[in-house]
Amino acid sequence: MRVFDGAGNVREDIAGDVLASITTMQWNGPAKGWNAGAPMDDANFNRRQTIRVGASVAYAQVGVIGFDGTIDLQSLRLYGRQRLRPRC
């Protein structure tokens with residue numbers, strides 16, 4: 001996962017930018033993105049993975065990589081909260 005600020009710049013290795021359930025996210029410098037720290041075992045494949053981004057993240061790029069190079073993605077749901085904007 002890569003996260004960006006409002007100007008389109010990659011936010012690099014900033015604590016709190018990416019949080020995930022089931023795993024710990026680790027910064028991957030050469031890829032300029034966050035990777036899951038440990039692969040999920042077979043028993044956890046049916047659990048929902050939740051990823052949250054910090055308040056300073058304007059948008060994110062999400063990628064899915066299979067263990068053996070192939071991707072077997074059966075379902076992907078993306079939800080986003082509408083950001084509150086002050087009234088003028």
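- Side-chain N or O atoms of Ser21 include one that pairs as donor or acceptor with a backbone N or O of Thr50 at under 3.5 Å.
- Counting heavy atoms from C-beta on, the side chains of Val3 and Trp34 come closer than 4.5 Å.
- The heavy-atom pair separating Phe4 from Val10 by the smallest distance is CE2-CG2, 3.5 Å.
- Hydrophobic clustering of Ile, Leu, Val, Met, Phe, Trp and Tyr side chains at less than 4.5 Å, counting indirect connections, keeps Ile51 apart from Ile14.
- Remark: of the listed residues Val18, Val57, Asn28, Val18 is the sole one forming a side chain to side chain contact (heavy atoms under 4.5 Å, CB included) with Met1.
- With hydrogens and angles disregarded, a donor-acceptor distance shorter than 3.5 Å links the side chain of Arg2 to the backbone of Ala31.
- Looking at Arg11 and Asp17, a side-chain N of the basic residue comes within less than 4.0 Å of a carboxylate O on the acidic one, giving a salt bridge.
- With rounding to the nearest 0.5 angstrom, the NZ atom of Lys32 is 12.0 Å from the CG atom of Asp13.
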